[in-house]
2 protein chains.
Amino acid sequence: MRQINQPAYHHGNLRRVIIDAALQAIIESGPAGWSLRELARRAGVSHAAPAYHFGDKQGLLTAVAAEGFAMFADTLERAAADVWEVGVAYVRFAIDHRPYSEVMFRPELYRADDPSITSARERAANVLVTSAGTLSPSPEHDRLTTIAAWSLAHGFAGLWLSGALPESADGDPEALARSMIRLVFGAMR
Amino acid sequence: MRQINQPAYHHGNLRRVIIDAALQAIIESGPAGWSLRELARRAGVSHAAPAYHFGDKQGLLTAVAAEGFAMFADTLERAAADVWEVGVAYVRFAIDHRPYSEVMFRPELYRADDPSITSARERAANVLVTSAGTLSPSPEHDRLTTIAAWSLAHGFAGLWLSGALPESADGDPEALARSMIRLVFGAMR
DNA sequence: TCGCTATCTTGTCAATGTCAAGATAGGGTG
DNA sequence: CACCCTATCTTGACATTGACAAGATAGCGA
């Protein structure tokens with residue numbers, strides 16, 4: 001419901017409100033269990049208002065993914081000082097920002113070639129490559145080590161988020177991920 | 001279009017035909033980009049016919065996931081003789097049976113507590129636990145090694161399927177996965 | 001004050017999932 | 001062979017949705 005005395009035809013901040021409503025709906029119903037009309041109702045605007053800002057449903061999810069990838073790249077860049085913590089930061093981001101990561105992990109939901117998405121993904125990939133290089137046993141194993149580090153972090157985050165790991169009921173994901181990374185890459189150096 | 005002389009009210013094998021149509025549609029449009037009515041049209045029956053066999057859309061995806069998990073458990077059990085090949089078999093299954101794995105990796109699409117799903121998942125988990133135990137450096141690291149093996153295989157498969165790895169354009173996923181597993185677990189023994 | 005553009009609202013249409021009522025086909029029994 | 005019951009459909013209806021178009025309004029700049 002709009003505020004009293006607020007003009008009906010100019011929300012002022014509708015784009016942000018719709019994105020926040022989408023994040024809330026994704027928490028409640030997953031990345032595909034809600035509708036644009038439902039978000040419009042929550043925002044107190046007409047069913048077609050979000051289309052002005054996003055074009056269509058995929059456009060909205062592209063905006064959500066772009067925000068997510070930008071925050072994700074920032075997170076990995078901040079963690080890059082300690083190569084042992086990059087994988088942990090990957091897992092922490094995926095879990096702490098679940099609605100973002102649920103969308104980010106589903107490229108069919110958004111326009112993956114959106115420039116803000118590709119540039120943020122490249123920033124994140126650079127951190128992964130650089131930190132994995134540090135953990136690699138030798139230069140010819142750099143690429144394989146990068147793939148292993150990425151697979152480990154991505155796989156762990158996905159299993160935790162889907163509830164496949166029994167530990168996700170009451171465990172500490174960061175501590176578990178950190179121990180796993182120590183076990184795997186500690187043996188390689 | 002139904003065969004000539006085939007009774008209109010008794011397809012005879014509609015359940016199988018709808019599941020096959022769903023797998024084909026998932027290949028074409030992903031796990032959420034098709035409709036029950038579209039599958040009914042492809043099968044040449046009315047829009048409500050699939051509901052008799054599956055109840056609703058989620059029921060159909062539950063049947064798809066159940067088939068997938070049963071085949072997956074069979075695949076891992078066959079690979080169990082060589083613990084180094086279990087992770088490779090995981091990746092091979094996910095890629096060779098892409099429509100199944102795209103659904104299986106999305107528990108919000110189906111009823112995960114369906115008994116045929118939980119029993120098949122338990123069979124698969126048993127193989128993972130047993131083979132990872134063999135690769136573990138010591139008994140107190142068994143659980144962590146299992147989680148690492150599962151994360152590695154699951155993460156690699158997911159990255160490959162989503163096209164996130166550049167290697168997925170023209171690489172050999174099994175060979176790449178096998179090399180990665182050798183690198184990671186070879187150092188732990 | 002006016003004009004232009006951003007930002008909405010209203011309305012429409014095709015498609016969908018689901019549900020209910022009814023039609024038909026097959027199989028078993030007397 | 002006929003009848004009855006159940007499995008397996010078909011037909012119809014309804015609410016909701018995404019997308020699109022036309023139009024209304026609010027803000028800003030000249």
Side-chain angles (χ1 to χ4, degrees), chain A residues 1-22 24-26 28-65 103 106 108-111 114, chain B residues 1-26 28-65 103 106 108-111:
Chain A
M1 181 64 73
R2 219 179 316 246
Q3 301 286 6
I4 298 205
N5 295 334
Q6 185 172 347
Y9 276 71
H10 193 69
H11 187 283
N13 195 28
L14 186 58
R15 187 178 191 280
R16 176 79 258 148
V17 168
I18 292 293
I19 291 179
D20 288 342
Q24 184 62 34
I26 293 164
E28 292 166 7
S29 316
W34 48 271
S35 66
L36 279 177
R37 290 191 184 221
E38 185 192 336
L39 304 188
R41 284 194 293 274
R42 292 186 188 194
V45 293
S46 69
H47 58 273
Y52 176 77
H53 295 275
F54 302 103
D56 54 16
K57 190 173 188 181
Q58 191 181 37
L60 169 58
L61 290 171
T62 301
V64 168
V103 174
R106 308 279 176 84
E108 76 275 8
L109 293 175
Y110 54 89
R111 298 184 176 97
D114 181 274
Chain B
M1 181 63 73
R2 220 182 313 252
Q3 300 288 6
I4 298 204
N5 296 335
Q6 186 174 345
Y9 276 72
H10 193 67
H11 187 282
N13 196 26
L14 186 58
R15 187 178 192 281
R16 176 77 258 149
V17 168
I18 293 292
I19 289 178
D20 289 344
L23 295 169
Q24 184 61 34
I26 292 163
E28 293 165 7
S29 316
W34 48 272
S35 65
L36 279 176
R37 287 191 186 222
E38 183 192 338
L39 304 188
R41 283 195 293 274
R42 292 187 188 192
V45 294
S46 70
H47 58 274
Y52 176 77
H53 295 276
F54 302 104
D56 54 16
K57 191 172 187 182
Q58 189 181 38
L60 168 59
L61 290 171
T62 301
V64 169
V103 173
R106 308 283 175 81
E108 77 274 6
L109 293 176
Y110 55 87
R111 297 184 176 98

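Below, all heavy atoms of this structure are taken into account, side chains as well, without hydrogens, waters or symmetry copies.
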**Student:** Provide, to the nearest angstrom, the distance between the CZ atom belonging to Phe54(B) and the P atom belonging to dC9(D).
**Tutor:**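 Spelled out: CZ on Phe54(B) to P on dC9(D) is 11 Å.
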
**Student:** When you check the phosphate oxygens OP1 and OP2 of dT17(D), does a side-chain N or O of Arg41(A) lie under 4.0 Å from one of them?
**Tutor:**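 For dT17(D), OP1/OP2 do have a side-chain N/O of Arg41(A) under 4.0 Å.
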
**Student:** With a cut-off of less than 4.0 Å, is there a side-chain N or O of Ser46(B) near OP1 or OP2 of dC9(D)?
**Tutor:**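 No, outside the criterion.
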
**Student:** Does dA6(C) have OP1 or OP2 under 4.0 Å away from a side-chain N or O of His53(A)?
**Tutor:**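 His53(A) to dA6(C) OP1/OP2: no side-chain N or O under 4.0 Å.
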
**Student:** Expressed in angstrom and rounded to an integer, what is the separation of Tyr9(B) atom OH from dA21(C) atom C1'?
**Tutor:**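 Atom-to-atom, Tyr9(B) to dA21(C), this comes out as 12 Å.
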
**Student:** I'd like a table of atom pairs between the protein and nucleotides 13-15 of chain D - only N or O on both sides, under 3.5 Å - with the distance next to each one.
**Tutor:**
unit_1  : atom_1 : unit_2   : atom_2 : d
dA13(D) : N6     : Arg37(B) : NH2    : 3.2

**Student:** If you round to the nearest 0.5 Å, how far is OG of Ser46(A) from CZ of Arg37(A)?
**Tutor:**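 Here the rounded value is 9.5 Å.
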
**Student:** Just jot down the side chain to side chain contact (heavy atoms under 4.5 Å, CB included) partners of Ala25(B), sequence neighbours excluded, or say none.
**Tutor:**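 Ala25(B): side chain to side chain contact (heavy atoms under 4.5 Å, CB included) contacts with Trp34(B), Leu39(B), Arg42(B).
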
**Student:** For Glu38(B) and dA15(C), give me the distance from atom CD to atom P, rounded to whole Å.
**Tutor:**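 Rounded to the whole Å, the gap is 12 Å.
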
**Student:** Within this structure, what is the CG-to-C1' distance between Asn13(A) and dG27(D), rounded to whole angstrom?
**Tutor:**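 From Asn13(A) CG to dG27(D) C1': 16 Å.
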
**Student:** In this structure, how many angstroms lie between the P atom of dA6(C) and the CZ atom of Arg15(A), rounded?
**Tutor:**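 Atom-to-atom, Arg15(A) to dA6(C), this comes out as 16 Å.
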
**Student:** Looking at Tyr52(B), I'd like to know whether one of its side-chain N or O atoms comes within less than 4.0 Å of OP1 or OP2 on dT8(D).
**Tutor:**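 So the side chain of Tyr52(B) is within the cut-off, an N or O lying under 4.0 Å from OP1 or OP2 of dT8(D).
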
**Student:** Applying side chain to side chain contact (heavy atoms under 4.5 Å, CB included) to Ile19(A) and Phe54(A), what does each step give before you reach the verdict?
**Tutor:** CA-CA 10 Å; Ile19(A) 291 179; Phe54(A) 302 103; 3.7 Å; yes

**Student:** Over how many whole Å does the gap from Ile18(B) atom CD1 to dG17(C) atom P extend?
**Tutor:**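 Result: 12 Å.
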
**Student:** Looking at DNA chain D, which of residues 57-65 of chain A put a heavy atom within less than 4.0 Å of it?
**Tutor:**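 By residue number: Lys57(A).
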
**Student:** Which nucleotide, dC8(C), dT10(D), dA19(D), lies nearest any side-chain atom of Ala49(A)?
**Tutor:**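 It is dC8(C).
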
**Student:** Can you sort out the partners of Ala40(B) under side chain to side chain contact (heavy atoms under 4.5 Å, CB included), two or more places apart, ordered by chain and number?
**Tutor:**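 By the side chain to side chain contact (heavy atoms under 4.5 Å, CB included) rule, Ala40(B) matches Val45(B), Pro50(B).
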
**Student:** Rounded to the Å, how far apart are Leu36(A) CG and dA19(D) P?
**Tutor:**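 The distance from CG of Leu36(A) to P of dA19(D) comes to 6 Å, rounded to the nearest Å.
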
**Student:** Please report the shortest heavy-atom distance between Glu108(B) and Gln58(B), naming the atom on each side.
**Tutor:**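 Looks like O-NE2, 4.1 Å.
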
**Student:** Starting at atom CH2 of Trp34(B), determine the distance to atom C1' of dA15(C), rounded to an integer number of angstrom.
**Tutor:**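 My rounded result for the distance is 15 Å.
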
**Student:** Among pairs that include at least one residue of residues 47-57 of chain A, which meet side chain to side chain donor-acceptor pair (under 3.5 Å), considering only residues two or more places apart or in two chains?
**Tutor:**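 Listed by first then second residue: Asp56(A)-Arg111(A).
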
**Student:** Roughly how far, to the nearest 0.5 Å, is the CG atom of Leu23(B) from the CD atom of Glu28(B)?
**Tutor:**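 Answer rounded to 0.5 Å: 11.0 Å.
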
**Student:** Apply side chain to side chain contact (heavy atoms under 4.5 Å, CB included) to Ser29(B) and list each qualifying residue two or more places apart in sequence or on a separate chain.
**Tutor:**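 Ser29(B) satisfies side chain to side chain contact (heavy atoms under 4.5 Å, CB included) with no other residue.
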
**Student:** So which nucleotide from dT18(C), dC8(C), dT16(C) ends up closest to the side chain of Leu14(A)?
**Tutor:**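 Shortest atom-to-atom distance from the side chain points to dC8(C).
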
**Student:** Checking Ala65(B) now: which residues fulfil side chain to side chain contact (heavy atoms under 4.5 Å, CB included) with it, not counting sequence neighbours?
**Tutor:**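 Testing Ala65(B) for side chain to side chain contact (heavy atoms under 4.5 Å, CB included), a comparison that skips the adjacent residues, returns Phe69(B), Val103(B), Tyr110(B), Ile117(B).
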
**Student:** Identify, between Ala48(A) and Ser35(A), the residue whose nearest nucleotide on DNA chain D lies closer to the 5' end.
**Tutor:**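 Its nucleotide being nearer the 5' end, the pick is Ser35(A).
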
**Student:** Can you list the residues that meet the side chain to side chain donor-acceptor pair (under 3.5 Å) rule with Arg16(B), with sequence neighbours excluded?
**Tutor:**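 In terms of side chain to side chain donor-acceptor pair (under 3.5 Å), with neighbours along the sequence ignored, Arg16(B) is linked to Asp20(B), Glu67(B).
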
